[in-house]
Amino acid sequence: SFLRGNEEATMLVGRGGIGKSRLLIEAARKIEESGTTVRFLGTTVDVNLAHFEQLGNCGDQLLIVMDDVHEIDGFAEIARGVRRVRPDANFLFASRPYRRMETEARLHSAGFGVPESFVVPDLTPKDAAALARQILGDSVPEHLVDRLAALTIDCPLITVIGATLVSEGKLDPARFESDDQIRQKI
């Protein structure tokens, strides 16, 4: 529904490394293709009045994307400032599950309703193994692919890094079976 522009604010919720940023980038790309101007707000940007004034020249439709919104100081006040200049602006936020309620409460205090939320689910063991296999190809035995997937199932980013290290010859896949510290090493 957000891609159709029905919601003033939408929140993507998921644990770190699950792929929220990639989803935001892809959603922003599709939304831009429809003619909407998209602006990302980084976690380290100091927003000032000039930034708000620039939003007036962004075209008919505007989407503000705030990834890792829980790490942006004053994000709710920034959103309220955007709203003063561009009352028609839509927002796409991403947050970790443990900060979801706090994020919603801060948005509510800034005059927003509860955003429509989408939870990025954890990978299944089969999905994690398929992700690893996609990078590794057929060069690694199935039981080692399954072990990598089991060790990194809660974080696809670590799955990808581990598989990439193996495919580049920088990590021996046999260590998946014998090294209890492999996750930290990846």
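Nothing fancy with the numbering, it's 1 onward along the sequence.
A salt bridge is defined here as a Lys NZ or Arg NE, NH1 or NH2 lying under 4.0 Å from an Asp or Glu carboxylate O, and E26 with R22 fails to meet this definition. Between E33 and K30 there is no salt bridge, since none of the side-chain N atoms of the basic residue sits less than 4.0 Å from a carboxylate O of the acidic one. Ion pair E142/R133 flagged as a salt bridge, since at least one NZ, NE, NH1 or NH2 atom sits closer than 4.0 Å to an Asp/Glu carboxylate oxygen.
No side-chain donor-acceptor contact under 3.5 Å links K20 to the backbone of S95. Under the 3.5 Å distance criterion, the side-chain polar atoms of T152 are left unmatched by any main-chain donor or acceptor of C155. Here the side chain of R83 pairs a donor or acceptor atom with the backbone of A89 at under 3.5 angstrom.
Inter-residue side-chain proximity for I78 and I72 is flagged as met; some heavy-atom pair is nearer than 4.5 Å. Taking 4.5 Å as the limit, every side-chain heavy atom of D154 sits out of range of all side-chain heavy atoms of D122. Using a 4.5 Å heavy-atom cutoff, the side chains of R100 and S117 are in contact. Under the 4.5 Å side-chain criterion, counting only non-hydrogen atoms from C-beta, T103 is in contact with F75. Contact check for P115 versus T10: no side-chain heavy atoms found under the 4.5 Å cut-off.
Smallest separation of non-hydrogen atoms from A163 and A132: CB-O, 4.0 Å.
Distance CG/D68 to CZ/R96: 5.5 Å, rounded to 0.5 Å. Interatomic distance, CZ of R39 versus CD of E32, reported as 7.5 Å (0.5 Å rounding). Atom-to-atom distance recorded for L165:CG and K170:NZ is 7.0 Å, nearest 0.5 angstrom.
With sequence neighbours excluded, no residue forms a salt bridge (Lys or Arg N to Asp or Glu O under 4.0 Å) with R84.
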Criterion side-chain contact (heavy atoms from CB on, under 4.5 Å) on E104 and M11, from CA distance to verdict: CA-CA 9 Å; E104 289 175 350; M11 188 172 345; 3.5 Å; yes
Test side-chain contact (heavy atoms from CB on, under 4.5 Å) applied to F91 and L63, step by step: CA-CA 5 Å; F91 295 84; L63 172 67; 5.5 Å; no
Verdict with reasoning, V65 to F93, per side-chain contact (heavy atoms from CB on, under 4.5 Å): CA-CA 6 Å; V65 180; F93 304 105; over 6 Å; no
Full working for side-chain contact (heavy atoms from CB on, under 4.5 Å) between L62 and N90: CA-CA 6 Å; L62 175 63; N90 288 348; over 6 Å; no
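Following chains of ILVMFWY side-chain contacts shorter than 4.5 Å, one cannot reach L148 starting from V160, and the two form parts of different hydrophobic clusters. Using a 4.5 Å cut-off between side-chain heavy atoms of Ile, Leu, Val, Met, Phe, Trp and Tyr, with links allowed through other members, L131 and V145 fall into different hydrophobic clusters. Residues L107 and V69 fall within the same hydrophobic cluster, defined by Ile, Leu, Val, Met, Phe, Trp and Tyr side chains chained together at heavy-atom separations under 4.5 Å.
In the displayed structure, D73 atom CG is contacted under 6.0 Å by at most 12 heavy atoms of other residues, nucleotides or ligands. More than 12 non-hydrogen atoms from other residues, nucleotides or ligands lie less than 6.0 angstrom from CD of E102. Residue D138 places its CG atom among 12 or fewer non-hydrogen atoms of other residues, nucleotides or ligands, all under 6.0 Å distant.
When the options V120, I161, I18 are evaluated for a side-chain contact (heavy atoms from CB on, under 4.5 Å) with P156, the one that passes is I18.
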